[in-house]
Structure formats: C-alpha cells, structure tokens
There are 2 protein chains.
Amino acid sequence: MTPAERRAAIVDATLAVMVRQGIAATTARDVAAEMGTSSGLIHHYFASMDELLAEAFDWVASDDLARTVGALDASDDPVERLAIFFAFYNRADEDWGMQLWLDAWSEAARRPALQQTSRRLNVAWHSLVADLLRAGVGSGAMTCDEPDAVAWQIISLLDGLALQAVAHADLVARDDANSWARGYAEDQLALERGVLRSRATDRR
Amino acid sequence: MTPAERRAAIVDATLAVMVRQGIAATTARDVAAEMGTSSGLIHHYFASMDELLAEAFDWVASDDLARTVGALDASDDPVERLAIFFAFYNRADEDWGMQLWLDAWSEAARRPALQQTSRRLNVAWHSLVADLLRAGVGSGAMTCDEPDAVAWQIISLLDGLALQAVAHADLVARDDANSWARGYAEDQLALERGVLRSRATDRR
DNA sequence: AGATCTATTGCACAGTTGTCCAACAGTCTC
DNA sequence: GAGACTGTTGGACAACTGTGCAATAGATCT
C-alpha cells in the first residue's frame, strides 16, 4: 500500500467513524480500530487530529460538490438543471448524510481547521446556485432580479430544511419538504422585491 | 442560599460556560470555576453532567418561548403579531444567541437528555406559528390554505437563516435576511399550493 | 548479503474528563 | 452545649484523550 493509498484509507476510516459517532467524538484510536491498525500510524501520516478531521471534512465537501456538478451536466435546460440541483441537495440516504453537515457546521465554529473548508464550501454552493439562476434568466426561462441575493436565500432555506430533517425527520415529511423547496424556488424566481407577479409562462 | 437558589445559580453558570465554549466543551470544573466554588458541589445538586446540561438547555428553551409569547401579547392585530414573531426570532444579540441553538440541535442527535427538550420545543414553536396563521386567516387579514404545513416551512426557513447567520454572518447580511424572511412570510401566506395569486389587500 | 530507509507497532506520557467520597463547616433541633 | 443534619470542600480515581518515541518488521538498494 503506497503512502497515498494509506492516507486515503485513513481518511475513509475517519469518515466512517465521523458518521457513526459525530465529529467531536471521533478519536484517533477509533479510526485506528476501524482500520485494524495502530493509533500511532495515524500520527505518522497526519500531524494532528485536527488536520485529519479537516482533510476528511474537506474530502466530503469536495466530493459532494463535484458529484452535484457532474449530475448537472446531465441536462442543458436551465429550469431542469435547477430541479436537478434541488433533488441532489436532498441526500439524506447518502453514506454520510445531512447529520455530518450539521455537525461540521457546529464544529467549525470552534475548530479553525474546519472553519476554512466550511466557509469555502458555502461560497462555492452559493456561486453554483447563482450561476444556475443567471443561466435561467439569460435563456429567458425565468425572471430573477437579484440572482446573488436569491441564491443566498435558497441556500439558507435548504439548510433549514436539512436541519429540520436531521433533528426531527418524523415531524416534517422529507418528501413534502423537498417538493415544497422546489416549488418555492420556482415561485421565488418570479418574485421581485416582495411584489407578487403572475408569471407569463405556465408552470408544470 | 437555599437549595433552589443554588440550583438556579448552577444553571446560570452553566449557561454562561455553554455560550462561551459550546455545549460539548462545557465541563463540571468550568462551571464550578465560573461560580467560584468546587466541582464536587455540582454533583451534589445534579446526578450527572448530562442532567445539568439538559436542565440548562431546557431553561433557555422555556425562557425563550415564554418571552416570545409575552412579546406577542403587545398586539391584537394578527398580521402585526406575525411580524413581532419574526422580529423576535432574530435574536443574535441576545445573551445566548443562535450559536447555542445550533449547538443544542447538533448535540441533541447524540445526547438523549437533550433530544427530549429539542423535540418538545420544536413542536411548541410550530404550534405557536400555526396558531398565529390561523388567527390571521380567521380575522380575514390573510389567506393560507394549510397553516400547519406553512408553519413547518416558516420554522425550517428561519432555522436555515439562523444557521447561516451563525456560521457565515459576514457573508449574509443579517438585516437583509431578516427583512427578507418577513417579506417571504407575507408572500407565502398568499400562496396556495404553488400557484401565485395577487392579494386583494394592498401590502405595506 | 549487508546496509539503509520507511512503514508500523506498542507503549509511555501528560492532560482532561465525569464521578465519587471522606472530611470539614456551618445551621438547626433538642 | 451536644448531637444531627446539610452544604461544601478538596482531592482521589479510573477512563479517556492527543501526542511522541523507541523498537520492530519489511522492503529496497548497493
């Protein structure tokens, strides 16, 4: 096993423990046990536990973003692309799931190592959504005066849904919340500064 | 100092430490240092650390809810009451602030002691908002087909805004987000199952 | 084969944590 | 004032943590 492979294996094991126990409760010994190796090995590849956690979180973040972008390539229609984005964002059945996100967000407030990734990621997602909106406006398929502001609103909205889904999944039906989020985004695109307008194009 | 007062003092000190260091990093010794007493004293009043944390969180939750309800008594106008609710929900400059909420939510996923309060609280807030909506509909001031569903949406939305405000306050301007939330709620009240309608009454 | 280097182990160390407990210091009752 | 009770202290204890390090195993090179 090459050093690069070993490093990746450690990150993989760390992710497994992270999901199972939460970021704060992820210890070097647990990760070592997950791999069936010694805990000292981890510190041979990572200078500190913070560095390992940051790299694992960064890996999840990058992978998630990359897969979203990849899925978006499936379509050229601006409105359909936005729908794909919404469907992808709702990924509670994934390996790591929403719990890890909420966890990372909370943890990032205290760990500088995580904060950097959390911040970069947030900007990246916003930029992605804003681009989707601008493409839609450019193609004439939708109306949106302030794509940047609306993108922040959509991101915040989805975060709130995700948070509720993690904490109280049984109270708020996931399918309902997701379809509502999609419907809301379509409505929001037609809103201009709080003034309701009927859209010219028919909605499906 | 009576036993009840001492218990309250311990909860107060615990809250101070919670806000400063986060729930997960709140230790018995820190709480004792905050009060200038011994750490053994804490276990004389609370059977375990989990019990203390749960009681402190429960105190914040109850107090927050009670103060919101109290503030709502200031008005009889249904629409104004909803506006008061929105203004109150946005309380980042409070003593404990939004960080504690996010923290508690994340922590509740792992600590059964916190989970109960988190769940009860979520239901209470939903019930409060749903009642506000129903009162508005009843008075004829607004339109809302499914107050229960919309109440969940509003709660989720505000949680998302709060989450963003805590994690990336500098990226999303708080005033913008807050005014947008209020404006959105007004719009949402006029939405029926995804179909946009112009409201008959003029908006302020 | 011998030397050299790296991956890996097992353990030691110091620092924290929750929990518990014997001792002390008050206050109240008789 | 003697005794009983309760609040409070200070520290002990075991379990845990991240980190560092000497010793070993294994591969690679000369």
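Residue numbers start from 1 in every chain, and the chains themselves are labelled A, B, ... in the order their sequence lines are given, proteins ahead of strands.
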How long is the line joining [atom1] of [X] and [atom2] of [N], in whole Å?
| X | N | atom1 | atom2 | answer |
| --- | --- | --- | --- | --- |
| A/E51 | D/dG18 | CD | P | 14 Å |
| A/I42 | C/dA7 | CD1 | C1' | 14 Å |
| A/L52 | D/dT19 | CG | C1' | 14 Å |
| A/I10 | D/dG18 | CD1 | P | 14 Å |
| A/R7 | C/dA7 | CZ | C1' | 15 Å |
| B/L41 | D/dG11 | CG | C1' | 15 Å |
| B/Y45 | D/dT8 | OH | P | 4 Å |
| B/R29 | C/dT19 | CZ | P | 11 Å |

Side chain of [X] (C-beta onward), nearest among [options]:
| X | options | result |
| --- | --- | --- |
| B/S38 | D/dT17, C/dG10, D/dG10 | D/dG10 |
| A/R6 | D/dT17, C/dT8, D/dT9 | C/dT8 |
| B/T37 | D/dT8, C/dT8, D/dT9 | D/dT9 |
| A/H43 | D/dT8, D/dT17, D/dT19 | D/dT19 |
| A/H44 | C/dA7, C/dT19, C/dT17 | C/dA7 |
| A/S39 | C/dC11, D/dT17, C/dT19 | C/dC11 |

Once you apply a heavy-atom cut-off of 4.0 Å, does A/T2 come out as touching a base, just sugar-phosphate, or nothing?
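Here A/T2 touches no strand at all.
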
State whether the number of non-hydrogen atoms from other residues, nucleotides or ligands found under 6.0 Å of B/D73 atom CG is greater than 12.
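Yes, the 6.0 Å shell around CG holds more than 12 heavy atoms from other groups.
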
A/Q116, CD atom: more than 12 neighbouring heavy atoms under 6.0 Å
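At most 12 heavy atoms, drawn from other residues, nucleotides or ligands, come within 6.0 Å of this atom.
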
Under a 3.5 Å distance rule, please check whether B/S118 uses its side chain to pair with a backbone N or O of B/L114 as donor and acceptor.
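No, B/S118 side chain to B/L114 backbone: no donor-acceptor pair under 3.5 Å.
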
Set out, in order, the CA-CA distance, both residues' side-chain angles and the distance that settles side chain to side chain contact (heavy atoms under 4.5 Å, CB included) for B/I10 and B/E34, then state yes or no.
CA-CA 9 Å; B/I10 293 178; B/E34 178 78 20; over 6 Å; no

Just one of B/V19, B/I23, B/L53, B/I42 clears the side-chain contact (heavy atoms from CB on, under 4.5 Å) bar with B/T14, so which one?
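Output: one option passes, namely B/L53.
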
